[in-house]
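This report refers to the structure that appears directly beneath it.
Values below: all heavy atoms of this structure, side chains included; hydrogens, waters and symmetry mates excluded.
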Amino acid sequence: MELKFLGCGSGYTPNLLNTNAYFVKNDTFFLIDCGFTTFKQLLEIEAFLKAKNFVILLTHLHGDHTGSLSMTISYSYNILQRVPLLIFPSTTVVDLLTLMGIPQDQYVLKQQLDEVSGVSGFPIFVQHTPLMDCFGYYIKSDNKNIYYSGDSSTIPHEIIEALHNSIIDELYQDTTYIEGRHPSHGTLDYLDSVIEEEYKHLVYCMHFDFDFKKEVKARGYKAVPCYTGITQKR
């Protein structure tokens with residue numbers, strides 16, 4: 001279970017592309033979020049086009065996380081003849097997709113990921129914006145446990161404990177450079193306040209408002225790589 005990122009930017013930095021990730025396990029393509037820069041990229045990935053099963057985990061409904069969702073579901077269903085499994089704890093996503101013209105028979109919606117190809121996961125409520133429910137995901141396979149924050153200003157206490165107890169192998173946290181007037185993302189200073197020094201190398205920063213990877217690495221964390229072009233030609 002190796003995460004590959006289609007972008008590393010925030011919604012306001014489309015030049016870095018949307019922070020959406022994927023991994024492939026056996027015959028299943030797993031996608032975490034599906035922002036407005038994502039659909040075109042998926043069509044360049046052979047594993048997406050050929051996978052028998054397709055799972056989408058959504059963290060929340062902002063455009064840089066769902067902007068390509070309707071087109072991706074439609075393409076998977078109508079062109080690839082494959083019904084996606086959509087993971088999201090709230091039925092608000094049904095309202096969104098209905099407004100975009102996607103009927104409910106083109107996807108299967110579940111609140112958590114029961115085991116598919118040896119991978120399972122469950123959502124954890126996180127603080128991002130008061131206007132919608134937002135979730136991080138604890139994802140586990142036979143060889144790795146990860147936490148993926150989505151967009152959140154803090155990391156749940158139980159996740160920090162799991163990291164410090166070596167239960168979580170990798171933690172992915174959206175990170176902005178400085179705290180704004182209405183904090184909705186984590187900051188490097190926040191990470192320093194909750195992550196013990198010996199575990200910083202297991203924390204991957206993402207969702208950058210500009211490219212400050214040098215500072216991320218200087219503090220002992222890792223930075224997710226940004227998308228650099230076609231990953232696999234068809």
Side-chain angles (χ1 to χ4, degrees), residues 1 3-4 6 11 18-43 45 47-141 145-152 156 159 172 174 207:
M1 186 172 60
L3 288 191
K4 298 181 180 180
L6 296 173
N18 296 155
T19 299
N20 304 164
Y22 75 92
F23 63 93
V24 181
K25 187 73 181 295
N26 298 325
D27 55 1
T28 302
F29 189 94
F30 296 86
L31 178 66
I32 306 176
D33 285 335
C34 192
F36 52 81
T37 64
T38 297
F39 177 64
K40 180 178 183 296
Q41 295 170 285
L42 290 174
L43 299 186
I45 301 173
F48 169 74
L49 299 171
K50 293 186 175 180
K52 179 180 178 181
N53 303 309
F54 180 31
V55 177
I56 308 170
L57 298 97
L58 288 184
T59 63
H60 64 295
L61 303 185
H62 276 154
D64 56 321
H65 298 262
T66 60
S68 287
L69 182 62
S70 62
M71 189 58 64
T72 299
I73 289 175
S74 180
Y75 190 89
S76 180
Y77 182 84
N78 290 300
I79 304 302
L80 301 180
Q81 307 296 305
R82 182 182 62 198
V83 179
L85 172 59
L86 181 59
I87 308 299
F88 192 62
S90 172
T91 57
T92 51
V93 70
V94 176
D95 298 331
L96 177 66
L97 289 171
T98 299
L99 287 169
M100 293 181 172
I102 305 300
Q104 292 186 47
D105 62 358
Q106 291 192 8
Y107 60 93
V108 174
L109 177 64
K110 290 188 176 182
Q111 293 189 341
Q112 68 177 31
L113 177 62
D114 298 323
E115 186 171 319
V116 175
S117 294
V119 178
S120 60
F122 57 87
I124 300 174
F125 184 82
V126 295
Q127 299 291 335
H128 176 47
T129 171
L131 299 178
M132 64 174 66
D133 289 339
C134 302
F135 304 90
Y137 279 92
Y138 188 103
I139 305 171
K140 51 187 177 179
S141 69
N145 296 329
I146 70 171
Y147 171 72
Y148 188 97
S149 71
D151 287 4
S152 62
I159 295 298
Y172 294 84
D174 71 306
H207 203 271

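A distance of 12.0 Å separates CG in Leu31 from CD1 in Ile87, rounded to the nearest 0.5 Å. With rounding to the nearest 0.5 angstrom, the CG atom of Asn53 is 5.0 Å from the CG atom of Asp27. Residue Leu80 holds its CG atom at 8.5 Å from CG of Leu43, rounded to the nearest 0.5 Å. Put simply, OG on Ser76 and OH on Tyr107 are 13.5 Å apart, with the number rounded to the nearest 0.5 Å. Here the OG atom belonging to Ser74 is positioned 12.0 Å from the CE atom belonging to Met100, to the nearest 0.5 angstrom. For the atom pair CG of Leu113 and CD of Glu115, the computed distance is 9.0 Å after rounding to the nearest 0.5 Å.
The two residues Tyr147 and Pro156 make their nearest non-hydrogen contact at OH-CD, 3.4 Å. Between His65 and Leu58, the shortest heavy-atom distance links the atoms O-CD2, 3.8 Å.
Using modelled atom types, one side-chain atom of Asp174 and one backbone atom of Ser152 make a donor-acceptor pair closer than 3.5 Å. Between the Ser149 side chain and the Tyr172 main chain, a donor and an acceptor come within less than 3.5 Å of each other. Side chain of Thr37 to backbone of Asn18: a donor-acceptor contact under 3.5 angstrom is found. Between the side chain of Thr98 and the main chain of Val94, a donor-acceptor pair closer than 3.5 Å is present. For Tyr137 (side chain) and Ile146 (main-chain N/O), no donor-acceptor pair under 3.5 Å exists by modelled atom type. Gln41 contributes a side-chain N or O that, together with a main-chain N or O of Leu6, makes up a donor-acceptor pair within less than 3.5 Å.
When side chains are defined from C-beta on, Thr92 does not count as touching Asp133, because their heavy atoms never get closer than 4.5 Å. By the 4.5 Å heavy-atom criterion applied to side chains, Pro123 and Gln112 are counted as neighbours. The shortest side-chain heavy-atom distance between Ser141 and Phe23 does not fall under the 4.5 Å cut-off. Side-chain contact check for Ile73 versus Ile56: some heavy-atom pair is nearer than 4.5 Å. Side-chain contact between Ile139 and Met1 is present, with heavy atoms from C-beta onward closer than 4.5 Å. With a 4.5 Å cut-off on side-chain heavy atoms, Val126 and His60 do not count as touching. Contact of the Val93 side chain with the Leu109 side chain is registered, since non-hydrogen atoms from C-beta on lie closer than 4.5 Å.
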Does the pair Leu86 and Leu97 meet the rule for a side chain to side chain contact (heavy atoms under 4.5 Å, CB included), with working shown? CA-CA 11 Å; Leu86 181 59; Leu97 289 171; 3.9 Å; yes

Could you please spell out the steps behind the side chain to side chain contact (heavy atoms under 4.5 Å, CB included) verdict for Asp33 and Thr19? CA-CA 8 Å; Asp33 285 335; Thr19 299; over 6 Å; no

Any chance you could lay out the side chain to side chain contact (heavy atoms under 4.5 Å, CB included) test for Cys134 and Thr59, step after step, and finish with the verdict? CA-CA 6 Å; Cys134 302; Thr59 63; over 6 Å; no

Check step by step if side chain to side chain contact (heavy atoms under 4.5 Å, CB included) holds for Phe30 and Val116. CA-CA 10 Å; Phe30 296 86; Val116 175; 4.3 Å; yes

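Of the residues Ser68, Ser70, Pro84, the one that meets the side-chain contact (heavy atoms from CB on, under 4.5 Å) test with Cys34 is Ser68. Tested against Leu85, the residues Val108, Thr28, Asp114 include a single side-chain contact (heavy atoms from CB on, under 4.5 Å) partner, Val108.
Listed by first and then second residue, the salt bridge (charged side-chain N to carboxylate O under 4.0 Å, His left out) pairs that reach into residues 48-75 are Glu46-Lys50, sequence neighbours excluded.
Counting non-hydrogen atoms of other residues, nucleotides and ligands closer than 6.0 Å to CE of Met71 gives a total of 12 or fewer.
Ring pair Phe48/Tyr75 is parallel by interplanar angle, where below 30° counts as parallel and above 60° as perpendicular. Between Phe122 and Tyr138, the angle of the ring planes stays under 30°, which puts this pair in the parallel group of the 30/60° scheme. The aromatic rings of Tyr22 and Phe29 lie parallel to each other, with less than 30° between the two planes, well short of the 60° mark.
Counted by atom type alone, Asn20 and Thr38 present one or more donor-acceptor pairs between their side chains at under 3.5 Å. Side-chain atoms of Asp151 and His62 include no donor-acceptor pair closer than 3.5 Å.
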